[in-house]
Amino acid sequence: MCQISKSIGSNFFERETRSVRIKGYVTSMGLEEEFWVILKELAEDQGMSVGLLLAVLYGEYMQSGCASNFASFLRVSCVEVVRGQRLVPERIE
């Protein structure tokens with residue numbers, strides 16, 4: 001039997017809600033802690049704040065038309081970045 005959950009801290013499963021400003025609107029977004037960590041690292045790699053990164057990703061989300069909601073889009077994007085299956089540009093302009 002798979003024992004993955006035994007090696008993961010219980011706090012990684014807890015949803016953390018943060019207020020973010022996207023396109024001038026303040027909204028609350030709930031993601032598990034590990035996704036916030038990945039988004040922070042990605043933002044730092046891109047030389048921007050998490051808020052700005054979320055605004056850029058929201059623009060991509062709106063153009064994609066394939067995600068059921070923005071939080072799901074962020075989770076899948078984080079997984080894809082971690083898996084290395086998507087090329088992350090050196091810097092988002």
Within a strict 4.5 Å, meaning less than it, do heavy atoms of the L53 and L42 side chains meet? yes

Kindly assign one of parallel, tilted or perpendicular to the pair Y58 and Y61, based on the angle between their ring planes and the thresholds 30° and 60°. tilted

Can you list everything that forms a salt bridge (Lys or Arg N to Asp or Glu O under 4.0 Å) with R18? Sequence neighbours excluded, please.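 R18: salt bridge (Lys or Arg N to Asp or Glu O under 4.0 Å) contacts with E16.
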
With sequence neighbours excluded, residues passing salt bridge (Lys or Arg N to Asp or Glu O under 4.0 Å) with E44: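 E44: salt bridge (Lys or Arg N to Asp or Glu O under 4.0 Å) contacts with K40.
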
Specify the closest pair of heavy atoms between V26 and S19, including all atoms of both residues, with the distance to one decimal.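 Here V26 and S19 meet closest at CG1-CB, 4.3 Å.
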
Looking at every heavy atom in both V20 and W36, which two are closest together, and how far apart are they? CG1-CH2, 4.4 Å

Distance from [X] atom [atom1] to [Y] atom [atom2], nearest 0.5 Å?
X: T27; Y: F70; atom1: OG1; atom2: CZ; result: 9.5 Å
X: C78; Y: E32; atom1: SG; atom2: CD; result: 10.5 Å
X: T17; Y: M29; atom1: OG1; atom2: CE; result: 10.0 Å
X: L74; Y: L39; atom1: CG; atom2: CG; result: 5.5 Å
X: E60; Y: S77; atom1: CD; atom2: OG; result: 7.0 Å

Are L57 and V76 linked, directly or through intermediate hydrophobic residues, by side-chain heavy-atom contacts shorter than 4.5 Å (ILVMFWY only)?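 Different hydrophobic clusters.
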
In plain terms, say whether E33 and R15 are close enough for a salt bridge, that is, a side-chain N and a carboxylate O under 4.0 Å apart.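 Answer for the salt bridge query: no.
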
Run the side chain to side chain contact (heavy atoms under 4.5 Å, CB included) check on V79 and R75 step by step: do they pass? CA-CA 6 Å; V79 168; R75 287 183 186 96; 5.6 Å; no

